[in-house]
Protein chains: 2
Amino acid sequence: MDTNGLFRKFVAFTASVHQVKHEFTKDIRLDEITPLQYSMLEYIAVSQPVTLSDISDCLFMSMPNTSRELKKLSDKRLCEKLAVAGDRRKHAIRLSPQGQAMMDGVFGQMEARFMARTQDATPELLAEIEHALDVLQASVFYTERPKMGKS
Amino acid sequence: MDTNGLFRKFVAFTASVHQVKHEFTKDIRLDEITPLQYSMLEYIAVSQPVTLSDISDCLFMSMPNTSRELKKLSDKRLCEKLAVAGDRRKHAIRLSPQGQAMMDGVFGQMEARFMARTQDATPELLAEIEHALDVLQASVFYTERPKMGKS
DNA sequence: TTATTTTGTTATCAAATGATAAGTAACGAG
DNA sequence: CTCGTTACTTATCATTTGATAACAAAATAA
């Protein structure tokens, strides 16, 4: 079968995803925040609570750099480190109310742009889009299980 | 309808795509090349021939920075600038044979990883994946038409 | 022809990011 | 308790990337 053609579609597709994601977010990044810091906030927003190691693993950043950038976010009052019961080395990282408000605003803008692209879609097409997202995430764009944590 | 749920899937999906793309490419980037330069090479490989402005527009880089980084790629003999008939300001940028060989190797590695994820898929699932890529690219992940060129 | 726009270049500077070494505190095994 | 491991921090340095100003050559318009 034409697996090579499928691979080419995969390449073109990932390029489009990168580009569209960038178009959706490029002009709504507040000052006070670098692109890397934004990606950390987005990750925290979706996966909170997280640990420093989670961020480091998922964003492919070294621990020292993760620590440094997170400190800047904490200094800006955009996220908080809470002690974790049971292991005092770890911190549960969450968005602060300000950080949550900021990310709510960002996601709101993104959602508006997303809906602008889907508003003319029929219910059938919407269902198809949702199904397509599910299929691809399950079969191709799944993320390797990171080495699991403990009990 | 649950457009909000769909948007959340969109957000999770784009995050997965970024991550998987990174996992596919992180350890096959040769020395001699920075991440930004790699993204330029990948874009050139897929869209060649391109102009400097094309790269600048599609990769959201300023012209001066695009020019600088492309010069480094040219110095490394990974791409070539050819004169364009009809407009001597423009250059048709292509991969050099060395650059093409390098990108062939990179895409080969990526394809192996892609196939590792799809080798157990039935022909029906493969068809479904292909259809899903088409649907999403047409309805959500299409890129805005940049201001068109000339005649 | 002259003026304006397009396409690209060069130079310079600041900021963001990556990499490494060294250190600390808490946990867990023996 | 001691030792090794985990989770994280601090400091430092080099590289990469982004931003801006100033320029030049070719095309296009007037």
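Model, not experiment: these values are computed from the prediction. Each chain gets a letter, A, B and so on, in the order the sequences are listed, and its residues count up from 1. Side chains are part of it too, since the values below use all heavy atoms of this structure and drop only hydrogens, waters and symmetry mates.
- For B:Met63 and C:dT5, the CE to P distance is 17 Å, given to the nearest whole Å.
- Scanning residues 43-54 of chain A for heavy-atom distances under 4.0 Å to DNA chain C yields an empty list.
- Between C:dC27 and A:Arg88, a contact under 4.0 Å exists linking OP1 or OP2 to a side-chain N or O.
- Distances were taken from every side-chain heavy atom of B:Glu69 (C-beta onward) to each of D:dT9, C:dT17, D:dT17; the shortest belongs to D:dT17.
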(request) List the steps and the verdict of side-chain hydrogen bond (donor to acceptor under 3.5 Å, both in side chains) for A:Gln48 and A:Gln100. (result) CA-CA 11 Å; A:Gln48 58 187 333; A:Gln100 188 69 54; 3.1 Å; yes

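- The distance from atom NZ of B:Lys81 to atom C1' of D:dA26 is 15 Å, rounded to the nearest whole Å.
- Taking atom NZ on A:Lys90 and atom C1' on C:dT24, their separation rounds to 18 Å, with Å as the unit.
- Taking only side-chain atoms of B:Arg89, from C-beta outward, the nucleotide of C:dA26, C:dT5, D:dA7 with the closest atom is C:dT5.
- When the C1' atom of C:dT17 is taken as reference, atom NZ of B:Lys26 falls 18 Å away, rounded to whole Å.
- Atom-to-atom, CD1 of A:Ile33 to C1' of C:dT17 comes out at 16 Å; the value is rounded to the nearest Å.
- Residues A:Asp87 and B:Lys71 both approach DNA chain C. Their nearest nucleotides, taken by heavy-atom distance, put B:Lys71 toward the 5′ side.
- Both A:Val46 and A:Met40 belong to a common hydrophobic cluster when Ile, Leu, Val, Met, Phe, Trp and Tyr are linked at side-chain heavy-atom distances under 4.5 angstrom.
- Residue A:Pro35 is in sugar-phosphate contact alone, with no base atom involved, counting any heavy-atom pair closer than 4.0 Å across all strands shown.
- Of the possible polar contacts, none joining the B:Thr51 side chain to the B:His91 backbone as a donor-acceptor pair under 3.5 Å is found.
- Distance CZ (A:Phe60) to P (C:dT17): 17 Å, rounded to an integer number of Å.
- Closest to the side chain of B:Pro64, out of D:dC8, D:dA26, C:dA11, is C:dA11.
- Across the interface with DNA chain C, nearest-nucleotide mapping of A:Gly86 and A:Met61 shows A:Met61 to be the residue nearer the 5′ end.
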Extract all donor-acceptor atom pairs below 3.5 Å that involve side chains of residues 131-142 of chain A and protein atoms in other chains or at least two apart in sequence.
from: A:His131; atom 1: NE2; to: B:Glu128; atom 2: OE2; distance (Å): 2.7
from: A:Asp134; atom 1: OD1; to: B:Lys9; atom 2: NZ; distance (Å): 2.9
from: A:Asp134; atom 1: OD2; to: B:Lys9; atom 2: NZ; distance (Å): 2.9
from: A:Gln137; atom 1: NE2; to: B:Ser16; atom 2: OG; distance (Å): 2.5
from: A:Ser139; atom 1: OG; to: A:Val135; atom 2: O; distance (Å): 2.8

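- For A:Arg68, whose side chain is taken as the heavy atoms from C-beta onward, the closest listed nucleotide among C:dT10, C:dT7, C:dG18 is C:dG18.
- The backbone N or O of B:Ala121 sits nowhere less than 3.5 Å from a side-chain atom of B:Thr118 that would complete a donor-acceptor pair.
- Atom CE in A:Met40 sits about 13 Å away from atom C1' in D:dC8, given to the nearest Å.
- Between the side chain of B:Arg113 and the backbone N or O of B:Glu23, at least one donor-acceptor pair lies under 3.5 Å.
- Atom CD in A:Gln37 sits roughly 7 Å away from atom P in C:dA16 (whole-Å rounding).
- Judged as a ring pair (Phe, Tyr, Trp, His ring centres under 6.0 Å), and not counting sequence neighbours, the contacts of A:His18 are B:His18.
- For A:Phe10 and B:Phe24, the ring centers sit closer than 6.0 Å to each other.
- Counting any heavy atom pair closer than 4.0 Å across all strands shown, B:Asn65 reaches a base atom.
- Between A:Lys72 and C:dT17 there is no side-chain N or O to OP1 or OP2 distance below 4.0 Å.
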